[in-house]
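Remarks on the structure that follows.
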There are 2 protein chains.
Amino acid sequence: MDEATYLAGYDPRAYPAVAVTVDVVALTIRDGRLCVLLVERGAQPFAGRRALPGGFARDEPLHDAALRELAEETGLTPGDREGGQEGHREGDLDRVHLEQLKTYGNPGRDPRMRVVSVAYLAFAPSLPEPTAGSDAARAYWVPVDDAKDLAFDHDEVLADGLERARSKLEYTPLATAFVGPEFTIGELRQVYTAVWGEELHAGNFHRKVLSVPGFVESTGGTTSKGGERGGPRAKLYRAGDARLLHPALLRPTREDGVR
Amino acid sequence: MDEATYLAGYDPRAYPAVAVTVDVVALTIRDGRLCVLLVERGAQPFAGRRALPGGFARDEPLHDAALRELAEETGLTPGDREGGQEGHREGDLDRVHLEQLKTYGNPGRDPRMRVVSVAYLAFAPSLPEPTAGSDAARAYWVPVDDAKDLAFDHDEVLADGLERARSKLEYTPLATAFVGPEFTIGELRQVYTAVWGEELHAGNFHRKVLSVPGFVESTGGTTSKGGERGGPRAKLYRAGDARLLHPALLRPTREDGVR
DNA sequence: CGAATAGTGTCTCTAAGACAATATCTG
DNA sequence: CAGATATTGTCTTAGAGACACTATTCG
């Protein structure tokens, strides 16, 4: 960046107008399937098409903008907020993991003007359909396999988000963000199964999870009932304090290296 | 994003002005030390301070903007360009690995106005000091340990870039981007040593590299001379076709999980 | 020749994965 | 009770790391 360029920075009008938006790839698991939050677009362009929730960034950290968009579309509210509005679930937003995914800025990705979009990736435990009694009635959860032909370049954004999620399950305790505060090893395994789309050996998975330091810690309790289709009561665990899984839990059937 | 928001998008002036810049964390290895490309700032703010090279994004893909900034500051040119300018090294830019790092958009990170910066990470083989005879005389390579007190939030950007680089050495063949087209296992090991800041056992490293499918492939040749301080001629290798290292080459002394 | 480096061999220990076995529930 | 699930045990094999050793080449 040369001096002239920097000086020119004092007058933003000297440069072509750019808009910065924040889009969110929000993932959850419903009925054992990995789902993404989509909104139906009412206006042009791409009217009637589905898109990732998002909006313009205000004068706030980008992370906060993503959180705000997510709250608006799901009807969740942060827990420290005074008196959550009716129909909103107080505090649920606090249990959502949010991280920056990638930024998309190809010219022409929005036909109206130059738009640079910062995409965020969110992981949430199973949430209710955000329709009833909220201003987020246009948003709904869609199984990721059915989320095709999205507006803008959101197909690519979603694909990048999915790959990130699959990868992060390997070396971080992220899976615990998809389940409640207390969970069984079986529930955790279902998260991996849903996100990776592959069956995992129950016995080996069980031992592996318990062997990774800090991944989960026992609550001492068990479920009050066995599984719906039989089986003993399972022990309950909560997330441990590890930020990285070591050793990692690698995906099984991965092609080696060459791609 | 609701309808009104989208419609408002037709008039960018309706929103506070935002500028989008691209900053580059360019890394290389010189004399066995990991170095980053910095520029000396001439204008306010942060006049006289060092900063990462960068500039405003034009109407181009963000990736191209990063490449352009890198070319301007290093004096390198892409190989397919007709008649490289004098003092520029034709084609060297093609051997640079460039990937998006992260986007920084906290209000106040630039005191003049709202600036959202998309940071890129570049890995280059050892390059000459980009001073002589080019318009990039203000840029120079600095050992990363000496790169402190940078302008804006560039300390944080650099730290994020270094962590990304260290991490990617583990599971990708990225180290080959730091060496020439043909290299010895010893040179590759020096890359790991410089980036990770840790000594690696030569024998185990050697065997490990050769055992990972697609990491390197033999050229059949050897170096023409032994090492400066003695030792036999080493076999030469070039980068293989793997995109991921499997199994990965994990960093040694890493704390387990908890962080 | 002495020192440094390249490359290989060996051994130990951890961890992944296949598979089996047992116990405990639900319908 | 039949089937499903939780949890643990056993065995095999791959891979990481410690260490030793030989061969080659430079000064």
Side-chain angles (χ1 to χ4, degrees), chain A residues 32 169-171 179 182-193 196 198-216 218-237 242 244-254 256-257, chain B residues 32 169-171 179 182-193 196 198-213 215-216 218-237 244-254 256-257:
Chain A
L169 279 202
E170 294 189 317
Y171 58 92
V179 293
E182 298 197 351
F183 51 87
T184 67
I185 305 290
E187 288 170 348
L188 203 59
R189 179 165 46 82
Q190 284 177 43
V191 171
Y192 278 89
T193 301
W196 283 351
E198 300 186 74
E199 287 305 316
L200 297 175
H201 186 285
N204 288 339
F205 180 86
H206 196 280
R207 182 165 359 102
K208 170 68 185 179
V209 167
L210 294 184
S211 77
V212 176
F215 192 0
V216 299
S218 174
T219 67
T222 65
T223 53
S224 56
K225 294 173 57 70
E228 292 183 359
R229 286 174 295 183
R233 301 174 181 183
K235 292 177 186 168
L236 288 172
Y237 298 85
L244 293 173
L245 302 186
H246 205 64
L249 232 155
L250 299 180
R251 270 176 280 188
T253 57
R254 245 155 105 221
D256 274 11
Chain B
L169 280 201
E170 294 190 316
Y171 57 95
V179 294
E182 298 197 351
F183 51 87
T184 68
I185 305 291
E187 288 170 348
L188 204 58
R189 177 164 47 82
Q190 284 177 40
V191 172
Y192 278 88
T193 300
W196 284 351
E198 301 186 75
E199 287 304 317
L200 296 176
H201 187 286
N204 289 338
F205 180 87
H206 193 106
R207 184 168 356 107
K208 169 68 186 179
V209 167
L210 294 185
S211 77
V212 176
F215 192 1
V216 300
S218 175
T219 67
T222 66
T223 52
S224 56
K225 294 173 56 71
E228 290 184 359
R229 286 175 294 184
R233 301 175 181 183
K235 292 178 186 168
L236 288 172
Y237 298 85
L244 293 172
L245 302 186
H246 206 65
L249 231 153
L250 298 180
R251 269 177 280 188
T253 58
R254 251 164 94 214
D256 273 12

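Excluded from the calculations below are hydrogen atoms, water molecules and symmetry mates; all remaining heavy atoms, backbone and side chain alike, are included. Letters A, B, ... mirror the listed sequences (proteins, then strands); counts begin at 1.
With DNA chain C read from its 5' end, the first of the two nearest nucleotides for Gly227(A) and Pro232(B) is the one closest to Pro232(B).
Within 4.0 Å of Gly230(B), counting heavy atoms only, lies at least one base atom of the nucleic acid.
The Lys225(A) side chain lies nearest to dT26(C) when the options are dT26(C), dA15(C), dT5(C). For Pro247(A), the side-chain atoms get nearest to dA16(C) when compared with the rest of dA16(C), dC19(D), dC25(C). Of the candidates dC25(C), dG17(D), dT5(C), dG17(D) carries the atom nearest the Asn204(B) side chain, counting heavy atoms from C-beta on. Side-chain proximity of Ile185(A) to the nucleotides dT7(D), dT5(C), dC25(C) is greatest for dT7(D). Comparing dA6(D), dA20(C), dA23(D) by their nearest atom to the side chain of Arg189(A) picks out dA6(D).
Between the P atom of dA6(C) and the CG atom of Leu188(B) lies a distance of 12 Å, rounded to the nearest Å. Across the protein-nucleic acid pair, Phe205(A) atom CZ and dA15(C) atom P stand 17 Å apart, rounded to whole Å. For Glu170(B) and dA16(D), the CD to P distance is 12 Å, given to the nearest whole Å. dT5(C) atom C1' lies 16 Å from atom CG of Leu200(B), rounded to whole Å. To the nearest angstrom, C1' of dT10(C) lies 12 Å from NE2 of His201(B). Atom P of nucleotide dT24(D) and atom CD of Glu228(B) are separated by 22 Å, given to the nearest angstrom. Rounded to whole Å, atom C1' of dA18(D) lies 10 Å from atom CZ of Arg207(B). Straight-line distance from the CG atom of Leu210(A) to the P atom of dA15(C): 14 Å, rounded to whole Å.
Looking at heavy atoms from C-beta onward, Leu188(B) lies out of side-chain contact with Tyr237(B) at the 4.5 angstrom threshold.
Between His201(B) atom NE2 and Arg189(B) atom CZ the span is 9.5 Å, to the nearest 0.5 Å. Residue Ile185(A) holds its CD1 atom at 5.0 Å from NE2 of His206(A), rounded to the nearest 0.5 Å.
The shortest heavy-atom contact between Leu249(B) and Val209(B) is CD1-CG2, 4.4 Å.
Contact annotation: Arg229(B) side-chain N/O to dC26(D) OP1/OP2 distance is not under 4.0 Å. Taking side-chain N and O atoms only, His206(A) has a distance below 4.0 Å to OP1 or OP2 of dT7(D). In this model, the phosphate group of dT8(D) is approached by a side-chain N or O of Lys235(A) to a distance below 4.0 Å at OP1 or OP2.
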Practice problem: Just do the side-chain contact (heavy atoms from CB on, under 4.5 Å) check on Val191(B) and Phe183(B) with the steps written out, would you? | Solution: CA-CA 11 Å; Val191(B) 172; Phe183(B) 51 87; over 6 Å; no
